[in-house]
Amino acid sequence: MSRVARDPSRPVTSLELVCPAGTPAALRTAVDAGAHTVYCGFRDETNARNFPGLNFNREELRDGVAYAHDHGADVLVAINTFPAAGNLDPWYRAIDDAARLGADAVILADIGLVEYAKDNAPNIRRHLSVQAAASTPEGINYYANNFGIARVVLPRVLTLPEIKELNRHTEVETEVFVFGGLCVMAEGRCSLSSYVTGKSPNKTGVCSPASHVAYEETGAGLASKLGGFTINRFAQGEPAGYPTLCKGRFAANDKVSYLFEEPVSLNLLEMLPEVADAGVTALKIEGRQRGKAYVEKVVKAFRRAVDALEKGQQLDAAAIADLTEGGQETAGAYRKAWH
Amino acid sequence: MSIDGKDAKITLGPLLFNWPEAKRRDFYFRVADEADVDSVILGEVVCSKRTPFMTKLWEEVIERMRAAGKEPIMSTQALILSSREMGWMRDIVADPGIYYEANDIAVADMLKGRPHLIGPMMNVYNEGTLATLARGGADRVCLPFEMSGETTAVIAKAGIMEVEAFVYGRMPLAIAARCYHARAYNLPKDNCRYVCNLHNDGMTVDTLEGKPFLTVNGTQTMSYTVNNLAAEIPQYLEMGVSRFRISPHDVDIVRIADLFRGVLLGRVEPQQVLDETEGLVDGAPNSNGFFYDEEGLRYKVAE
């Protein structure tokens, strides 16, 4: 049972902060830094951050749940890839085990799995993953009416006014990404990575995987490549970024540009009052692949901001500046001008 | 249950590109009169801004297809972003006499209780999801582009509904709220001047070395390669796939349909189809990698 989400003593204006726990150590760090809720995944293809060195085995999840619950935090388990036909058992087991080990909710994307969870693990809350790309009240209500989902993580395709409007037409809690990596495409509906590498978020839980990345010195600078294709090129002294496919430099219409998106990350810290006004229940921080120091810094900054908001205080400008890391930031699809 | 090629059906998929109305009309009238296809999918899948101009044309084309003995199917948007767009979807699916393709769960839900087609933009990766959708009335599915042959076989053999495979055309790989066509022309989406109509098969995206990489079609990002599964058709028939989808391009689509029909009937060698179609669309090569669970852009010669 999600104690945070259902705690009647919390004011209606309070926002639940949902934080990444890529490893057991990151889980403890996030909880200590003030996360209301953490999310994690099992160490296999059942979750969309299936990276080497990340995630939890069953015992680690049991311990992580105990630690979080002792400190008043909830644990959500992401089981948000799409199982291939004929091999559903690992996903069914993941749902069964998340429930058995005391997690507070499972985050699911596949329609068949949501139905399985409703029928076979009815006591664990069901959240709809961003990977399901449910962008409309009608789509969300389909999952609510048929499978009793309690919450939806919204795809990053809607503006804040659109989210406010959406919240007027569904009883389902909404959770939005507020910080970290940013998909430009509708999540869960992108096969760009598998087109180039054979591995995709939907099938294997990876995007632009490191196994297919190469850096090559060329006459024109250092080229970052994915699956043999140049995704970007950097002049001497320019910091070389990771070749995430949709954040590369390409030529179209006789012009070289970051056609899909600049190598930016999302940061809505300054916009939290507007986010709260849009009627969302929870704020999600991306970054299960990030280290403990990063998790601690981001979670603390957002927790301070959420608490300040709850008390009607101004947000701390210094905390915001401290988060930016010198990288480019965006409010992404939440602002109309981005589209 | 394997399928006899004589019983297999060919579907012409929805036109994904923004062709001018006159070109569209000519295309569909020719398809009605000359193309050896069983079903023709109409409607706008990619961008709602293109839709308002076409309602009358669709009415006309539906009649024409029926008169020609072809099944008209109306498709719907892949990504629905506003209540206004949802209202249009509701209007589109209002005719009980028409068979529809859903590309979003919200539309599939509107079609509940009526037979309908689950389009390839919906995430159907397994028999569990398909069984759930079947209980809502779906009776045909065109599987996602990245689906392997092996997984397709499991789904087809489960016998839950008729299975269609996408065998010809550039593959839609992603959809976004952002319009990359407008972006490439330094235009805001709200004032896009419909620049997506400048490229009849989409706008080529090159790497910095000038190597063709992807294709942009408005808010949709597609493969540069042209998916061509002519050589895999015998395997598809064996596993029970009964429908084959050809996606419209600015090529002689009547000839393409004839070639694929020839393969289904055993009259044309798949190699002839591959040879004749290679490079037809913007010089782009054929690909079939997803069928073999490999990179989608690759062409793998069957052993």
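In what follows, chains are A, B, ... by sequence order, proteins preceding strands, each numbered from 1.
With chain A as the partner, the residue from B:K112, B:E127, B:K189 showing the most heavy-atom pairs under 4.5 Å is B:E127. In terms of heavy-atom pairs under 4.5 angstrom with chain B, the leader among A:S257, A:A223, A:C190 is A:C190. The most heavy-atom pairs under 4.5 Å with chain B, out of A:T136, A:I111, A:L259, come from A:L259. Among A:K255, A:K203, A:R249, the residue with the largest count of heavy-atom pairs under 4.5 Å with chain B is A:K203. When each of A:S191, A:A84, A:G198 is scored by its heavy-atom pairs under 4.5 Å with chain B, the top score falls to A:S191. If you tally non-hydrogen atom pairs under 4.5 Å between each of B:V107, B:I80, B:N123 and chain A, the highest count goes to B:N123.
Here the closest heavy-atom approach between residue B:T129 and residue A:G112 is recorded as OG1-N, 2.9 Å. Taking all atoms of both residues into account, the shortest heavy-atom contact from B:L133 to A:Y142 is CD2-OH, 4.3 Å. Here the shortest heavy-atom pairing between B:P212 and A:F229 reads O-CE2, 4.1 Å. Taking every heavy atom of both residues into account, B:I105 and A:G139 meet most closely at CG2-CA, 4.0 Å. Considering all non-hydrogen atoms of both residues, A:Y195 and B:S223 come closest at CE1-CB, 3.4 Å. When all heavy atoms are compared, the tightest approach of B:L214 to A:L245 is CD1-CD2, 4.1 Å.
A:F147 has its side chain within reach of B:T132: a pair of non-hydrogen atoms, C-beta onward, lies under 4.5 Å apart.
With sequence neighbours left out, the side-chain contact (heavy atoms from CB on, under 4.5 Å) criterion links A:A186 to A:V157, A:R189, B:L79, B:I175.
For B:F145, no part lies under 4.5 angstrom from a heavy atom of chain A. Contacts between B:N227 and chain A at a heavy-atom distance below 4.5 Å are absent for every atom of the residue. For chain A, the nearby part of B:T221 is the side chain; its heavy atoms alone come within less than 4.5 Å. Proximity to chain A is limited to the side chain of B:M86, based on heavy atoms less than 4.5 angstrom apart. For B:L130, no part lies under 4.5 angstrom from a heavy atom of chain A.
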Next on the checklist: One pair to check against side chain to side chain donor-acceptor pair (under 3.5 Å): B:N126 and A:D110. What are the steps and the verdict?
Outcome noted: CA-CA 9 Å; B:N126 58 67; A:D110 182 74; 3.2 Å; yes
Next on the checklist: If you apply the rule side chain to side chain contact (heavy atoms under 4.5 Å, CB included), what do you find for B:E209 with A:R233, and how did you get there?
Outcome noted: CA-CA 10 Å; B:E209 288 132 0; A:R233 205 160 52 199; 4.1 Å; yes
Checklist entry - Does the pair B:M89 and A:E138 meet the rule for a side chain to side chain contact (heavy atoms under 4.5 Å, CB included), with working shown? => result CA-CA 11 Å; B:M89 294 306 112; A:E138 289 81 356; over 6 Å; no
Next on the checklist: As a quick check of understanding, evaluate side chain to side chain contact (heavy atoms under 4.5 Å, CB included) for B:R178 and A:H339, giving each step before the final call.
Outcome noted: CA-CA 4 Å; B:R178 188 175 243 186; A:H339 288 256; 5.5 Å; no
Checklist entry - Taking it one step at a time, do A:E115 and B:R135 satisfy side chain to side chain contact (heavy atoms under 4.5 Å, CB included)? => result CA-CA 12 Å; A:E115 181 159 47; B:R135 284 195 286 282; 2.5 Å; yes
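A salt bridge links B:R183 with A:E262; the closest basic N to acidic carboxylate O contact falls under 4.0 Å. Salt bridge A:K199/B:E295: absent, no basic N to carboxylate O contact under 4.0 Å.
A donor-acceptor contact closer than 3.5 angstrom links the side chains of B:Y125 and A:N202.
Residue A:F250 is tested with B:Y224, B:Y180, B:F213 for a ring pair (Phe, Tyr, Trp, His ring centres under 6.0 Å); the sole match is B:F213.
Heavy-atom proximity under 4.5 angstrom to chain A picks out B:M171 from residues 157-171 of chain B.
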